Amino acid sequence: MKYFHNEIEAKWQKYWAEHKTFAAKNNSDKPKYYVLDMFPYPSGAGLHVGHPLGYIASDIVARYKRHQGFNVLHPQGYDSFGLPAEQYAIQTGQHPEKTTRENITRYREQLDKIGFSFDWDREVRTSNPDYYKHTQWIFIQLFNSWYNKNTDKAENITTLVSIFEKEGNNTVNAVCDDDIQNFSASEWNSFSSEQQQRILLQYRLTYLAETEVNWCPALGTVLANDEIVNGVSERGGHPVIRKKMTQWSMRISAYAERLLQGLETIDWSESIKESQRNWIGKSVGALVKFKVKSQKSKDSKLSDIGLSTFDYIEVFTTRPDTIFGVTFMTLAPEHELVSQITTLEQKAAVEAYVEATAKRSERERMADVKTISGVFTGAYAEHPFTKEAIPVWIGDYVLAGYGTGAVMAVPCGDERDYAFANFFKGTHGMPEIKNIISPLTPEGGIDTSDNCIKEEAFSKKDGFVFKNSDFLNGLDYKAATKKVIEELEKIGAGKAKVNYRLRDAVFSRQRYWGEPFPVYYVNGLPQMIDAKYLPIVLPEVEKYLPTEDGQPPLGNATTWAWDSINNKVVSNKLCHAELDSASHNGVFPLELNTMPGWAGSSWYWMRYMDAHNENEFASADALKYWENVDLYIGGSEHATGHLLYSRFWNKFLKDRGFAPTEEPFKKLINQGMILGMSAFVYRVVIATIENKDFLKSSKIYVSKSIRDKIVHDKTYEKNFLVGLATDNITKEFDENTLNKIAGVIFNDLHVNVKFVNLSDELNIYELKSDNEFGKEFKDAVFIGENKQIIINGNDVYKVGREVEKMSKSKYNVVNPDDICEEYGADTLRLYEMFLGPLEQAKPWNTAGITGVYGFLKKLWRLYFDDNGLHVTNDEPTAEMYKSLHKTIKKVTEDIENFSFNTSVSQFMICVNELAQQKCHHRAILEPLAVLISPYAPHIAEELWSALGHESSVSTISFPKFEEKYVVESEKEYPVSFNGKMRFTIKLPLDLTPAQIEEIVMADERTQQQLQGRTPNKVIIVPGKIINLVG
RNA sequence: GCUCGAGUGGUGGAAUUGGUAGACACGCUGGACUUAAAAUCCAGUGAGCAGUAAUGUUCGUGCGGGUUCAAGUCCCGCCUUGAGUACCA
């Protein structure tokens, strides 16, 4: 009986689906295990072989854990809101819902063919109203919450209101907007409802605010920071500009510290944790206030006006200890004080500079780091301790968006400040650099020379003490920092401060294909729709583009107003926003923005726990049982997006009692990308003598090896051209033109890998007759390895190969369906694992797949011969048991360590050994079938059932390793002389080192190596090695 | 610039607490079976040198040092490369 993978795989996939073999139970005596994949966005291109890599790994773990007696939750779904479906809708007018549904169908077909053990009954789709109903609900909870710094958690907004009613806001310690006005309880109670709502918006965890956003004109929407790569949009690469807009924001900054600390508790790769740490960007330092010097004492032309409300400049610094080194100050050009403190003399220069900076895009400013620019404002600030006058400059190296948008410049301790000071040295308003650093000499003494700032700033934190620093003299970095903050607090000029780079996340998108907000507006103030009327379903629109007056696409909807009396979505015609409350019919406009792509993916793992619950996103019981994800597998590109937002929402839901744990994903593995092996053909391009610049392409294509020879060998090139002419290959190369040819270069052109066989040979016939690609090559002449024109297979054309990212445009996409068809899903699964370590990027090479395919056939032949099942009940030999148990040990360890590639090797070794031993013994082959079932489930089921079992192999316990089968009595010792291995000797393991030495010294090969010498030293490590020295 | 990874045959990659470098595959070479091809099976395969051969011997895990009886593995200094991040005060 031969191994027919197609029949077997179809049969078992059907069996699993019909028997719901992999359905997880929400109550079980077994321990739980939750394995999750990052759910895919169902794009129109379908899956290529790179996509299933992580799914295969997680499936192996899921199946293995079931064998180990766990109740395993292994779900799958679709992140089905998103830009590509909408862009497609704009182009074709097709509803995104329709294309999304079609793409999902295609994805599902492809996934099913690979034999995953997903519990499909729990499937989720983020674009499904049954799902986004709960996304909307979570949004409402965020709106109804504030962050109490005293309890260090989110609380219901009602607790804040009751504090306001009793005490006003002076005692409140909350994460909120910066520009909060203080009020007393009686003031609060006297505010109008609208005033109160406006104040509460400044505290809510999701809030509406006029913010400067990243606006992408080409996409017609705003983007979050993590959706911008190198200053352009992640999708499509369009330019992004800064723009002020009223937007929903998420107060993720409230969780900055917990997001940072939580990283210590989870088992994620160091690189992802590091990315999140950088993104959060915690800096510990101090806020320091510098009085703006009274202009009368310094500069009579500066007027008094405005200085009463802005009588100091506040800076954030991580090095308050260097305060006596402050030589000047720099404000961002956008800083609000700039216009008020600038003197008349400097006014023109400052305004010109501010204007020039504003014109430059963020991207230009970022790209141009080396150019130093800035202007003196003419104003001076006062040093809090020395009372010296410090000139105030503006410069674009200071960013308005970080810290306070102002820095105290200490050139002797900071490279940028030093560069700035050095650049403007000697100009008006730039004093001599103050030096406060005394480096310690290697002997521990103090270097009192001034050298350390002559060449560059002394940016280290250790290895010096302070001088010229009043009460900080002689102190080191640590002591000085502590001391200076105490002193600053004493005189009210500053305080310790922790600053984070993490910004609040903009949550509005001007798109159609996203979750609608459960929000309507009364007098411009947002109102939440009561949760019991959810979902607010996405309305139908004529066009998916923004409206002509610049509203988001939902502005095209005609039924998009909220009837707050009957609680339903009604026609816009009923909405009369201009009417006063007395005559108002209770119909108000609904929010026109939709939520961003990350909304639906920030909580989906909890939905799988209880996917059909209509009342809650998941029941308390289900949440309590499944807790969080034990193993999460997905790409590292989500490091600062999805993975950060998910942790944020999870922490929020935990605070409010809706999520069971502080962290959503205990262990995270990032699978590496599978790269494509692009295929190239080389088109000959000739340059003529008359005009060397004029390159004329030809219809001639040469093999990779010929191309290389021509490039490296001038004589060969000449011969080649003569050959072309004499063989009369094309009209282009007659004797006449040949003389005019100056040389040859090549166009390296991608050719679709489907025309290339396992030996890199191009199938020219198929290529030329292909509907899509044939046209371009219709008249092409291919010259093969032996320099012959390929007509009827008398030569072969070998393509060039290069490793690139797998993509449609490079024609190097390998489709998993094709692999499953030709070699089977089990082969695909094994091969993807065999390619290399899961976390590493590696190229796909279909040629190598024959190795694992051959292995499965060999495995099959242990069970079957030409006449059918061929299994005996005889007692296996010790060797057979040893092969089996070595494998059990290795595979068990490998799965626990996520080292899947080495398991596949071990299976091959095992099957090779068993074949050698002619093993057809049930006592070996039964456990072997179970052992391999996580990796190659279809063949395992088939073998298991052929052995006479009724139930699915997935229900069987994993074989247990038993030491007794692998204990060795002998060891093949390597014998080294001065560390070089010379021969091996087989010795019993129970010998003492002395006995070993005796035997080894007596061996004639030892005597031959020593040639009469006596070793100085004999090293014997029992069970390991013998080394003779001297 | 900073942070985190990675450099091993023609290729993908193995190698436990330092202990026989190159497992397992691909590819290649030769052979068996076949009219032939495919499939399958067997043998060989890091490089150099010596030898008809068995075999012997030198070199060899990015580069240069070091520790050690012993280093792909540990330490110091570099180089290359991938990813992330970037005037963050």
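Note that this is a predicted model, so its numbers are computed, not measured.
- Which of B:A89, B:G19, B:U57 sits closest to the side chain of A:Ile1025 comes down to B:G19.
- The side chain of A:Arg277 contributes no N or O atom lying less than 4.0 Å from OP1 or OP2 of B:G84.
- Separation of the P atoms belonging to B:A25 and B:C75 is 34 Å when rounded to the nearest angstrom.
- Here B:A14 is the nucleotide among B:C41, B:A14, B:U20 with the atom lying nearest to any side-chain atom of A:Thr902.
- Using a 4.0 Å heavy-atom cutoff across all strands shown, A:Glu839 reaches no nucleic acid atom at all.
- Distance from the side chain of A:Ile1019 is smallest for B:C69 among the nucleotides B:C69, B:U3, B:G13.
- Annotation: the span from A:Gln671 atom CD to A:Glu832 atom CD amounts to 10.0 Å, rounded to 0.5 Å.
- For RNA chain B, each stem of at least three Watson-Crick or G-U pairs (distances under 3.5 Å) is given as range with range: B:1-7 with B:79-85, B:10-12 with B:24-26, B:27-32 with B:40-45, B:46-50 with B:55-59, B:62-66 with B:74-78.
- Under a 4.0 Å N-O distance rule, the pair A:Lys882/A:Glu913 does not qualify as a salt bridge.
- Contacts of A:Met981 with the nucleic acid, taken as non-hydrogen atoms under 4.0 Å apart, include base atoms.
- One P atom belongs to B:U73, the other to B:U16, and the distance between them is 12 Å to the nearest Å.
- The distance between atom CG of A:Asn978 and atom C1' of B:C69, rounded to the nearest whole Å, is 8 Å.
- A donor and an acceptor atom sit less than 3.5 Å apart, one in the side chain of A:Lys1024 and one in the base of B:U17.
- Of the candidate nucleotides B:C69, B:A89, B:G13, B:G13 has the atom lying nearest to any side-chain atom of A:Asn901.
- Of the candidate nucleotides B:C87, B:C69, B:U20, B:C87 has the atom lying nearest to any side-chain atom of A:Asp396.
- Across B:C41 and B:C79, the matching C1' atoms stand 48 Å from one another, rounded to whole Å.
- Rounded to whole Å, the P atom of B:G60 lies 15 Å from the corresponding atom of B:A70.
- A:Ser905 comes within 4.0 angstrom of a base, heavy atoms only.
- Between A:Phe420 and A:Tyr397, the ring planes lie tilted relative to each other; the angle falls in the 30° to 60° range.
- Which of B:G84, B:G13, B:C88 sits closest to the side chain of A:Arg416 comes down to B:C88.
- A:Phe977 has its CZ atom 13 Å from the P atom of B:G56, to the nearest Å.
- A:Lys273 contributes a side-chain N or O that, together with a main-chain N or O of A:Leu263, makes up a donor-acceptor pair within less than 3.5 Å.
- Checking B:C4, B:C87, B:U20 against every side-chain atom of A:Glu972, the shortest atom distance belongs to B:U20.
- Looking at the side chain of A:Lys857, the nearest of the listed nucleotides B:A39, B:A89, B:C24 is B:A39.
- Backbone-only contact: A:Thr850 has heavy atoms under 4.0 Å from sugar-phosphate atoms and none from a base.
- When the C1' atom is used for both B:C88 and B:C78, the distance is 30 Å, rounded to whole Å.
- B:A14 and B:A21 are spaced 10 Å apart, taking the C1' atom of each and rounding to whole Å.
- Of the possible polar contacts, one joining the A:His5 side chain to the A:Glu822 backbone as a donor-acceptor pair under 3.5 Å is found.
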